[in-house]
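Starting off with a structure, shown below.
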2 protein chains.
Amino acid sequence: MARKKPLPFDPIDEASRQWGRRWGAVEQMRAVTSLMRAQQIVIGELDDILKNHGLTFARFEALVLLTFSRRGSLPLGKMGERLQVHPTSVTSIVRRLEAAGLVTRTPHPDDGRAVLCEITTAGRELVEAATADLVAADFALHGLTDEQLKMLWTVLEPLRHSAGDFS
Amino acid sequence: MARKKPLPFDPIDEASRQWGRRWGAVEQMRAVTSLMRAQQIVIGELDDILKNHGLTFARFEALVLLTFSRRGSLPLGKMGERLQVHPTSVTSIVRRLEAAGLVTRTPHPDDGRAVLCEITTAGRELVEAATADLVAADFALHGLTDEQLKMLWTVLEPLRHSAGDFS
DNA sequence: GGTATTTAGTAGGACGTCCTAGTAGTTTGG
DNA sequence: CCAAACTACTAGGACGTCCTACTAAATACC
């Protein structure tokens, strides 16, 4: 994941300097660029860890969600709501999980339109193993203090809220 | 972008509650999930704004980078370094920019392997217009104070640093 | 100088994300 | 009770990201 040759300067810092000479909203630009890059770094590391289990972070999240449900199963639509992704993304994720034998797809007993996704025993075991690895790796958030982690969440919370994720 | 029906609770908060009952690293998990979701929200809004200009944020960033260069041109490899993306991503981005007439691709005069990407007049004009829109929209970071924006950057900086982005 | 290695970029493919469109069930309202 | 509206999901495609080859050119090293 790490660049072969790290730049001798922070590219975002450098860009924000140039940005400031022409346009406004320097702090916003810098924050957004940071956010993008940090997300890219983190998901790269997480996917790297999960690759050893044949997973991606998206699929891992789906499995975790299922383990949190009472019966270990949810309709795809509910999964999309909780994971905050588009319905078609859920279809894609679940298709791959099913192919790996980690979930099963059955028609919903009470609603002919819906599909129930249920985690298998193999899925539950894999979640445990994968989670252990992620926790051991600090979720790729090396060196951030609990203070900083809370700050990150606190700063981003109103952003998520105003985007209409929840009320 | 906004969900049709926002959940009556914060899905990340809810997940972290359940997570805490089984596994550790609750703060990390919550921070990571926040980061992922916030990035998704922000890039969604930015792409939405840029769609009016026939751009995406990735392509916008590439154009901005070119306007920051002395001659308005850079070899693809340099662009990848500065944008912190894989070489093949640069190829993809530049191909689309070229198709839109926003950049030209010419062989590098001093290095037969390299390709020089140069922004066109149309490209420069588009960057100005698109930037104005993004700035007007606060880069989709509605309501975050300068304090919070700085905090975001500050918290994420060491993460980027330790990933080897720069030294 | 001539070969070996490194470097720049492209080709093709996997994945996750979104979108639009379409199908098949369910619910609503007259 | 039947048609209209809505809902759950799938199909197919665009985009950006990464990866693994692969080609061609430049550089290093005998």
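Hydrogens, waters and symmetry mates play no part in the numbers below; they use all other heavy atoms, side chains included.
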- Message: Rounded to whole Å, please give me the gap between CD in B:Gln39 and C1' in D:dT17.
- Response: 11 Å

- Task: For B:Asp110 and C:dA8, give me the distance from atom CG to atom P, rounded to whole Å.
- Result: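 After rounding, the reported distance stands at 14 Å.
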
- Task: Please work out if A:Ile93 contacts a base, only the sugar-phosphate, or nothing of the nucleic acid, heavy-atom cut-off 4.0 Å.
- Result: sugar-phosphate

- Message: Can you tell me if B:His86 touches the phosphate of D:dC19, counting only side-chain N or O atoms and a distance under 4.0 Å to OP1 or OP2?
- Response: yes

- Message: On DNA chain D, does the nearest nucleotide to B:Gly112 precede the nearest nucleotide to B:Ser89 from the 5' side, or the other way round? Give the residue.
- Response: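 It is B:Ser89, whose closest nucleotide lies nearer the 5' terminus.
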
- Item | Nucleotide nearest B:Asp111 when distance is taken to its side chain, options D:dA25, D:dG16, C:dT17 | D:dA25

- Message: So, does A:Thr56 get its side chain near the phosphate of C:dG16, meaning an N or O under 4.0 Å from OP1 or OP2?
- Response: yes

- Message: Checking contacts here: which listed nucleotide (C:dG9, D:dT20, C:dG16) is nearest the side-chain heavy atoms of B:Thr88?
- Response: D:dT20

- Task: Measure the distance from CZ on A:Arg113 to P on D:dA8 and round it to the nearest whole Å.
- Result: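 Between P of D:dA8 and CZ of A:Arg113: 6 Å.
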
- Value in whole Å for how far the P atom of C:dT7 lies from CE of B:Met79: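 My rounded result for the distance is 21 Å.
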
- Note on the structure: Per nearest nucleotide of DNA chain C, the residue lying toward the 5' end, B:Ala114 or A:Leu55, is B:Ala114

- Distance, nearest 0.5 Å, that separates CE of A:Met29 from CD of A:Gln18: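 So the gap between those two atoms works out to 9.5 Å.
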
- Whole-Å distance, A:Phe60 CZ to C:dC15 P, equals 19 Å

- Query: Parallel, tilted or perpendicular: which describes the rings of A:Trp19 and B:Phe68, with under 30° parallel and over 60° perpendicular?
  - Reply: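 Answer is perpendicular, since the angle exceeds 60°.
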
- Message: Less than 4.0 angstrom between a side-chain N/O of B:Arg96 and OP1 or OP2 of D:dG16, yes or no?
- Response: yes

- Note on the structure: Atom CZ of A:Arg95 and atom C1' of D:dT10 are separated, to the nearest Å, by 9 Å

- Query: Of all the choices, D:dT17, C:dC19, C:dT17, which nucleotide is nearest to the side chain of B:Val85 once you look at every atom?
  - Reply: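 Per side-chain heavy atoms of B:Val85, the pick is D:dT17.
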
- Whole-Å gap separating C1' (C:dG16) and CG (B:Asp47):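 After rounding, the reported distance stands at 14 Å.
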
- Would you mind reporting whether A:Met36 and B:Glu61 have side-chain heavy atoms less than 4.5 Å apart?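 No - every pair of side-chain heavy atoms lies 4.5 Å or more apart.
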
- Query: Nearest to the side chain of A:Thr91 - D:dC9, C:dT7, C:dG16?
  - Reply: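 Between D:dC9, C:dT7, C:dG16, the one nearest the side chain of A:Thr91 would be D:dC9.
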
- Between C:dG16 (C1') and A:Arg59 (CZ): distance, integer Å: 9 Å

- Message: When you measure from the side chain of B:Gln148 to the backbone of B:Thr145, do you find a donor-acceptor pair of N or O atoms at a distance under 3.5 Å?
- Response: yes

- Task: Compare side-chain N and O positions of B:Arg105 against OP1 and OP2 of C:dT10 and report whether any pair is under 4.0 Å apart.
- Result: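 Looking at the OP1 and OP2 atoms of C:dT10, one of them is under 4.0 Å from a side-chain N or O of B:Arg105.
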
- Query: Can you name the one residue among A:Thr104, A:Leu76, A:Leu102 that meets side chain to side chain contact (heavy atoms under 4.5 Å, CB included) with A:Val94?
  - Reply: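 Exactly one pass, corresponding to A:Leu76.
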
